[in-house]
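Below is one structure; the comments refer to it alone.
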Amino acid sequence: MRMTTLTEYTPLPGELVEFRAPDATLAAAASAPVHPAPPSHLQENHLRRRLANTVAGNPQAPWLGVHFDLPGRPDVNALAGALAAWVRRHPTLLTWFAPRDGGFRRHALAPETVRFKPVRLGAEVSGQDVRDHLRARVVPATDPTAWPPLLAAAVLRPTSSTLVLAVDHAHTDGLSLQYFYDELRSCYAAELAGTTADLPEAGSYVDFCRLDRARAARIDATSPEVARWADFLSGGRPADPVDLGTEPGRMYPSAAFDVEVLTAAEADAFARGCRAAGAGFSAGVLAALALCHHRLGGQETYRALTVVHTRDEPRWERAHGWFVNAVPVRFPVGERPFTELAATAQEAFGQARELSAVTPMRLMELLPRLPGLQLDVSQTLPLVSYIDFRHAPGSREWAARDAGFLLGEGRVQGLHLWVNRLWDRTYLRIEHPGTPLAAAGARRLADGVREVMREAAGVAAQEAPV
């Protein structure tokens with residue numbers, strides 16, 4: 001799936017329909033009882049940031065979304081029923097949070113009360129007007145302190161229609177959203193047939209939140225994981241490999257772009273080269289970035305946060321929720337062969353993975369405030385994410401159905417990178433501060449990463465047995 005900022009998203013014109021909860025469901029949600037499961041550390045931090053930004057009037061992008069096309073003009077009542085069935089499938093989507101006693105209390109709606117209805121908003125709406133409507137609606141409509149924490153809409157046309165979903169980040173992540181295409185279509189087909197969707201069992205992120213808090217409580221300031229985090233953070237914010245034209249400590253409106261770095265064949269060759277070095281694809285990505293940081297910025301040690309999933313049990317595989325953490329990765333670089341550096345990166349990545357149970361929020365509870373770092377260190381340190389989306393059901397159809405991720409307008413201090421592997425290509429997306437120097441520097445970095453990864457893929461292809 002391509003990642004697109006909502007400001008750049010323009011679907012084809014058509015009839016705009018939004019799926020909203022009826023008054024009876026909203027009333028049931030407003031009076032929903034307290035649920036004993038606390039918010040996870042990520043959820044609590046997210047809620048605090050969202051409320052603070054709302055009070056301060058700061059622009060924010062606290063949601064994630066997807067869009068894809070459906071053939072023909074779907075039955076909107078069946079789509080509304082399918083959306084309700086999908087929400088009932090994932091318990092976190094049945095909950096909302098109320099500020100209470102300096103924290104947040106979770107409330108849970110009974111699944112059987114969930115309903116949605118189609119609301120027609122215009123028979124002939126331009127793509128630009130659809131985008132403007134979504135931009136105005138999506139942040140208030142995905143409020144996690146009310147229910148529902150999501151917005152769903154469709155643009156109906158005779159030959160193909162577009163479905164859009166946005167969910168507050170407290171309840172979702174990229175790996176969760178990769179399943180929505182397959183699950184919603186299954187629920188829609190079941191609604192038309194009057195049956196129940198045949199989908200794998202999904203665990204509950206609400207249950208995971210209980211475990212997250214229990215595990216975090218067992219970690220104290222003397223734990224070795226905390227010492228390793230503290231050692232990493234003591235180095236402060238790593239220098240950027242290129243000039244961003246920014247002031248230290250200041251957040252800037254973000255800009256982003258993506259570039260193709262590998263074709264499908266080149267990605268296969270790159271993966272073979274990484275395996276030959278005893279490394280995975282993700283470690284290869286880190287090695288390529290480290291080489292570029294060394295060549296562009298003269299950095300002898302690569303330091304960044306990398307995103308890892310926390311789905312550490314089979315029951316979480318199809319669960320919808322925020323199953324990620326950012327962990328610190330650090331290793332020496334130098335002008336070494338790529339395969340040697342990939343092996344070093346793999347070792348560093350494995351060590352970082354051991355820290356996945358320690359969220360930055362729990363860390364900051366245990367350590368004195370470190371100078372120069374905000375509470376959410378993932379906003380102030382370079383962030384790198386790699387996901388192979390080929391494992392998602394229905395992913396071979398994404399390109400034909402114009403499936404993609406939607407993102408909001410955010411603010412950043414440095415560079416954040418996503419490398420996503422699809423069936424037909426692997427692409428790099430870089431989010432950077434919206435300054436001319438940052439835009440030019442990010443392009444130089446992207447070109448360097450593409451060159452290193454293609455060179456590694458070419459070498460691996462040449463060395464592969466015939």
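Start at 1 with the first residue, then count along the sequence. Computation of the quantities below employed the complete heavy-atom set of this structure, encompassing side-chain atoms and omitting hydrogens, waters and symmetry-equivalent molecules.
- The shortest distance between side-chain heavy atoms of Tyr427 and Leu422 falls below 4.5 Å.
- A heavy-atom distance below 4.5 Å is found between the side chains of Leu94 and Val114.
- Between the side chains of Thr172 and His320, at least one donor N or O sits under 3.5 Å from an acceptor N or O.
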Dump the intermediate steps for salt bridge (Lys or Arg N to Asp or Glu O under 4.0 Å) on Glu201 and Arg315, then the final yes or no. CA-CA 8 Å; Glu201 185 176 350; Arg315 58 174 163 160; over 6 Å; no

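- A heavy-atom distance below 4.5 Å is not found between the side chains of Val449 and Arg444.
- For His169 and Trp322, the ring centers are positioned less than 6.0 Å apart.
- Although no hydrogens or angles enter the test, the distance criterion places no donor-acceptor pair under 3.5 Å between the side chain of Ser223 and the main chain of Glu225.
- With rounding to the nearest 0.5 Å, the separation of CZ in Phe104 from CZ in Phe97 is 9.0 Å.
- Atom CG of residue Leu150 and atom OG1 of residue Thr142 lie 8.5 Å apart, to the nearest 0.5 angstrom.
- Cation-pi geometry between Arg443 and Phe257 is met: the NZ or CZ atom falls under 6.0 Å from the ring centre, inside 45° of the normal.
- Here the side chain of Gln43 pairs a donor or acceptor atom with the backbone of Ala170 at under 3.5 angstrom.
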Taking it one step at a time, do Val358 and Trp229 satisfy side-chain contact (heavy atoms from CB on, under 4.5 Å)? CA-CA 9 Å; Val358 186; Trp229 256 109; 4.0 Å; yes

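- Taking the charged nitrogens against the carboxylate oxygens, Arg421 and Asp268 do have a contact shorter than 4.0 Å, which makes a salt bridge.
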Applying side-chain contact (heavy atoms from CB on, under 4.5 Å) to Leu151 and Leu134, what does each step give before you reach the verdict? CA-CA 9 Å; Leu151 177 145; Leu134 294 174; 3.8 Å; yes

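- At a threshold of 4.0 Å, the pair Arg228-Glu354 counts as salt-bridged, since one of the basic side-chain nitrogens sits closer than that to a carboxylate oxygen.
- Nearest heavy-atom pair, Cys274 versus Phe338, reported as atom, atom and distance to 0.1 Å: SG-CE2, 4.4 Å.
- Nearest heavy-atom pair across Arg318 and Pro200 is NH1-CG, 3.5 Å.
- Using a distance-only test at 3.5 Å, with no hydrogens or angles considered, no donor-acceptor pair links the side chain of Asp231 to the main chain of Ala227.
- Contact check on Glu18 versus Arg137 returns a salt bridge, with a Lys/Arg side-chain nitrogen under 4.0 Å from an Asp/Glu carboxylate oxygen.
- We find the CZ-CG distance between Phe68 and Leu165 to be 8.5 Å, quoted to the nearest 0.5 Å.
- Residues Ala342 and Ala277 come closest through the heavy atom pair CB-CB, 4.5 Å.
- Ionic pairing of Arg2 and Asp402 is not present here: no N-O contact between side-chain nitrogen and carboxylate oxygen is shorter than 4.0 angstrom.
- Although no hydrogens or angles enter the test, the distance criterion places no donor-acceptor pair under 3.5 Å between the side chain of Ser385 and the main chain of Val307.
- Within the 4.5 Å cutoff, no side-chain heavy atoms of Leu305 are placed close to those of Val327.
- Pairs of residues two or more places apart, or lying in two chains, that qualify as side chain to side chain donor-acceptor pair (under 3.5 Å) and include a residue from residues 341-352 are Arg336-Thr344.
- Under the 3.5 Å distance criterion, the side-chain polar atoms of Asp220 are matched with a main-chain donor or acceptor of Thr222.
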As a quick check of understanding, evaluate side-chain contact (heavy atoms from CB on, under 4.5 Å) for Val139 and Arg50, giving each step before the final call. CA-CA 10 Å; Val139 172; Arg50 175 155 182 159; 3.6 Å; yes

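- Side-chain contact between Val130 and Tyr9: absent, with no pair of heavy atoms (C-beta onward) separated by less than 4.5 Å.
- Asn325 CG to His309 NE2: the interatomic distance, rounded to the nearest 0.5 Å, is 12.0 Å.
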Kindly determine whether His107 and Trp147 satisfy ring pair (Phe, Tyr, Trp, His ring centres under 6.0 Å), including the steps that lead there. CA-CA 10 Å; His107 292 255; Trp147 192 92; over 10 Å; no

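- Between Leu47 and Pro144, some side-chain heavy-atom pair lies under the 4.5 Å cut-off.
- If you look at Trp418 and Tyr386, their ring centroids are not closer than 6.0 Å.
- Residues Arg106 and Cys209 have side chains in contact (heavy-atom distance under 4.5 Å, counting atoms from C-beta outward).
- For the pair Arg213 (side chain) and Ala37 (backbone), a donor-acceptor distance under 3.5 Å is absent.
- Taking OG1 of Thr4 as the start and CG of Asp258 as the end, the distance is 7.0 Å to the nearest 0.5 Å.
- Panel note: side chain Ser395, backbone His391; no donor-acceptor pair is recorded below 3.5 Å.
- A distance-only check finds no donor-acceptor pair linking the side chain of Asp240 to the backbone of Val242 [under 3.5 Å].
- Nearest heavy-atom pair, Met1 versus Trp398, reported as atom, atom and distance to 0.1 Å: CG-CE3, 3.4 Å.
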Going through the distances and angles, do Gln413 and Arg237 end up as a side-chain contact (heavy atoms from CB on, under 4.5 Å)? CA-CA 10 Å; Gln413 184 173 338; Arg237 187 179 185 278; 3.6 Å; yes

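- Under a 3.5 Å cut-off, the side chain of Thr5 and the backbone N or O of Glu8 do not form any donor-acceptor pair.
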Apply salt bridge (Lys or Arg N to Asp or Glu O under 4.0 Å) to the pair Arg362 and Asp212, showing each step before the final yes or no. CA-CA 10 Å; Arg362 176 58 176 159; Asp212 175 73; over 6 Å; no

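- Counting heavy atoms from C-beta on, the side chains of Leu428 and Leu417 come closer than 4.5 Å.
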Given Phe389 and Phe405, is the ring pair (Phe, Tyr, Trp, His ring centres under 6.0 Å) satisfied, shown in steps? CA-CA 12 Å; Phe389 284 109; Phe405 289 108; 5.4 Å; yes

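- In this structure, the side chain of Trp96 engages the main chain of Ala29 through a donor-acceptor pair within 3.5 Å.
- The nearest pair of heavy atoms linking Pro62 to His46 is O-CE1, 3.4 Å.
- With hydrogens and angles left out, the side-chain atoms of Glu397 and Tyr181 include a donor and acceptor closer than 3.5 Å.
- Remark: Glu266 does not engage Arg425 in a salt bridge, criterion side-chain N to carboxylate O under 4.0 Å.
- Nearest heavy-atom pair, Val138 versus Ala166, reported as atom, atom and distance to 0.1 Å: CG2-CB, 3.4 Å.
- Comment: Glu317 does not engage Arg311 in a salt bridge, judged by the lack of any side-chain N to carboxylate O separation of less than 4.0 angstrom.
- The pair Glu260-Arg450 fails the salt-bridge criterion, with no side-chain N (NZ, NE, NH1 or NH2) lying under 4.0 Å from an Asp/Glu carboxylate O.
- In this pair, Phe323 and Trp316 present their aromatic rings tilted. The plane angle is within the 30 to 60° band.
- Atom OH of Tyr205 sits about 14.0 Å away from atom NE2 of His90, to the nearest 0.5 Å.
- Of the N and O atoms on the side chains of Gln299 and His294, not one donor lies less than 3.5 Å from an acceptor on the other residue.
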